[in-house]
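For reference, the structure is listed below as structure tokens.
Each residue takes its place number in the sequence, starting with 1.
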Amino acid sequence: MSSTADAADFVFLDEKDASRCTLTRDGELLSVLDYRDDGATVAMTRAYTIPTHRGHGYAARVVAGAVADIEARGDRRIDAVCWYVADWFDAHPDKQHLLRRR
């Protein structure tokens with residue numbers, strides 16, 4: 001499990017055993033990104049924000065954290081299965097080199 005925190009007290013965790021990344025603040029779960037990792041490709045299957053926390057960019061933050069981790073490792077491609085993740089990549093063309101080519 002990897003974990004990073006930023007100045008705003010957000011904590012990003014890659015919970016490999018659960019195949020998900022989470023974003024929390026002050027111990028409260030804000031957003032989740034579910035994925036499947038086959039060793040070559042990480043299929044990002046669902047980005048979800050807890051309803052009471054929607055509208056604050058938390059899903060974008062958890063996707064960005066996962067993408068940054070994958071980019072830093074350099075050994076996987078990403079399959080944007082979830083519509084939100086696909087839209088995130090459309091908004092971040094500088095990260096599209098990480099996408100699996102079909």
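- Separating the CG atom in Leu99 from the CE atom in Met44 is a distance of 9.0 Å, to the nearest 0.5 Å.
- In this structure a side-chain-to-backbone donor-acceptor pair under 3.5 Å is present from Gln96 to Phe89.
- Between Thr24 and the options Val62, Asp9, Leu29, a side chain to side chain contact (heavy atoms under 4.5 Å, CB included) holds for only Leu29.
- The ring pair (Phe, Tyr, Trp, His ring centres under 6.0 Å) search around Tyr84 returns none, not counting sequence neighbours.
- With a 6.0 Å radius and a threshold of 12 heavy atoms from other residues, nucleotides or ligands, Asp90 has its CG atom above the threshold.
- Val81 and Trp83 are not part of a single hydrophobic cluster, where members link through side-chain heavy atoms under 4.5 Å apart.
- With sequence neighbours left out, the side-chain contact (heavy atoms from CB on, under 4.5 Å) criterion links Asp34 to Arg20, Val32, Thr45, Arg46.
- Scored by the salt bridge (charged side-chain N to carboxylate O under 4.0 Å, His left out) test, Arg100 finds Asp79 as partners (sequence neighbours excluded).
- The OG1 atom of Thr49 lies 9.0 Å from the OH atom of Tyr58; values are rounded to the nearest 0.5 Å.
- Partners of Arg101 under the side chain to side chain donor-acceptor pair (under 3.5 Å) rule, at least two apart in sequence or in another chain, do not exist in this structure.
- Under a cutoff of 6.0 Å and an axis angle of 45°, Arg61 and Phe12 do not form a cation-pi pair.
- Between Val11 and Leu23 the shortest side-chain heavy-atom distance does not fall below 4.5 Å.
- Although no hydrogens or angles enter the test, the distance criterion places no donor-acceptor pair under 3.5 Å between the side chain of Asp26 and the main chain of Glu28.
- Side-chain N or O atoms of Ser31 include one that pairs as donor or acceptor with a backbone N or O of Tyr48 at under 3.5 Å.
- Here the CG atom belonging to Asp14 is positioned 6.0 Å from the CG atom belonging to Asp69, to the nearest 0.5 angstrom.
- With respect to the salt-bridge test (charged N to carboxylate O, under 4.0 angstrom), the residues Asp37 and Arg73 qualify.
- Heavy atoms only, all atoms of each residue included: Cys82 and Ala47 are closest at SG-N, 3.5 Å.
- Of the inter-residue distances, the one linking Thr41 atom OG1 with Tyr35 atom OH reads 14.0 Å to the nearest 0.5 angstrom.
- Interatomic distance, Leu33 CG to Trp88 CH2, rounded to the nearest 0.5 Å: 10.5 Å.
- Shown here are the salt bridge (charged side-chain N to carboxylate O under 4.0 Å, His left out) partners of Arg54, two or more places apart in sequence or in another chain: there are none.
- Closest non-hydrogen pair, Thr22 versus Glu15, comes out as OG1-OE2, 3.5 Å.
- The ring pair (Phe, Tyr, Trp, His ring centres under 6.0 Å) test applied to His53 returns no partner, not counting sequence neighbours.
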